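Down below is the structure, laid out as C-alpha cells.
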Amino acid sequence: GYGLYWYCLEMIAESVDKNNITFELEDDADLIAIDWNLDRITVNEIMTYMVELGLFESGGERLTCLKLARRLDDTNSRNPEIQKLLNQKY
C-alpha cells in the first residue's frame, strides 16, 4: 500500500500545472492495476483505505490530494486559482 500511495501522489503531482490545479488522480483503479500487475479489486480496496485514512479525498469517481496543494513552493502557491481552491477546502 505504501508504494501505491507514493505512486498516486507522483501521478497527481506530475499533472499539476498552471492549467490543471485540480489535484486529481487521473488514472482509475483499472489502469493502476494494469500498471502494477495487480487485481483491480485489490487496488480499489487499497485506494478506498487510503481515503478512509485521510491521505486522499474522494471526489466522486476521482481521488484528489488537496494536501499536496498546501505543500507547493511559494511560486506555485501564489497562483490565485490555487489560493481560491485552498480557501474553499481548508
Side-chain angles (χ1 to χ4, degrees):
Y2 184 75
L4 187 61
Y5 167 71
W6 282 105
Y7 175 80
C8 291
L9 277 181
E10 288 175 7
M11 296 296 292
I12 293 169
E14 183 179 277
S15 68
V16 173
D17 64 22
K18 68 179 184 175
N19 299 316
N20 179 11
I21 57 167
T22 62
F23 296 92
E24 287 184 351
L25 178 64
E26 294 182 13
D27 291 357
D28 60 9
D30 292 331
L31 292 173
I32 293 171
I34 291 168
D35 287 345
W36 280 60
N37 197 28
L38 293 172
D39 181 73
R40 180 193 58 81
I41 294 171
T42 302
V43 171
N44 198 35
E45 288 173 352
I46 293 170
M47 292 171 78
T48 299
Y49 186 61
M50 289 189 289
V51 170
E52 290 172 4
L53 290 174
L55 300 173
F56 294 104
E57 302 85 26
S58 179
E61 295 293 316
R62 305 258 181 172
L63 290 185
T64 59
C65 186
L66 298 176
K67 292 176 186 175
L68 190 59
R70 291 187 295 170
R71 290 173 173 77
L72 293 175
D73 64 28
D74 287 339
T75 304
N76 291 324
S77 63
R78 289 185 194 142
N79 180 323
E81 292 298 317
I82 291 176
Q83 287 300 317
K84 182 178 170 184
L85 177 70
L86 289 173
N87 290 333
Q88 289 175 350
K89 296 293 181 178
Y90 295 103

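In what follows, residues are counted from 1 in the order of the sequence shown. The structure displayed is predicted, hence computed values, not measured ones. Every heavy atom of this structure was used, including side-chain atoms; hydrogens, water molecules and symmetry mates were not.
- Here Asp35 pairs with Tyr7 under the side-chain hydrogen bond (donor to acceptor under 3.5 Å, both in side chains) rule; sequence neighbours left out.
- Residues meeting the side chain to side chain contact (heavy atoms under 4.5 Å, CB included) test with Glu10, sequence neighbours left out: none.
- A continuous path of ILVMFWY side-chain contacts below 4.5 Å connects Leu4 to Leu53, so both sit in one hydrophobic cluster.
- Once rounded to the nearest 0.5 Å, the distance linking CZ of Phe23 with CG of Leu66 reads 7.5 Å.
- Legend: residues meeting side chain to side chain contact (heavy atoms under 4.5 Å, CB included) with Leu25, ordered by chain and number and at least two apart, are Cys8, Met11, Ile12, Ile32, Met47, Leu63.
- Looking only at side-chain heavy atoms (C-beta outward), Tyr5 and Ile46 stay at 4.5 Å or farther from each other.
- In this structure, the side chain to side chain contact (heavy atoms under 4.5 Å, CB included) partners of Leu38, at least two apart in sequence or on a different chain, are Trp36, Val43.
- For the pair Asn20 (side chain) and Ser15 (backbone), a donor-acceptor distance under 3.5 Å is present.
- Arg62 pairs by the salt bridge (Lys or Arg N to Asp or Glu O under 4.0 Å) definition with nothing, not counting sequence neighbours.
- The CZ atom of Phe56 sits 5.5 Å away from the SG atom of Cys65 when rounded to the nearest 0.5 Å.
- Considering only residues two or more places apart in sequence or on other chains, Asp30 meets the salt bridge (Lys or Arg N to Asp or Glu O under 4.0 Å) condition with Arg40.
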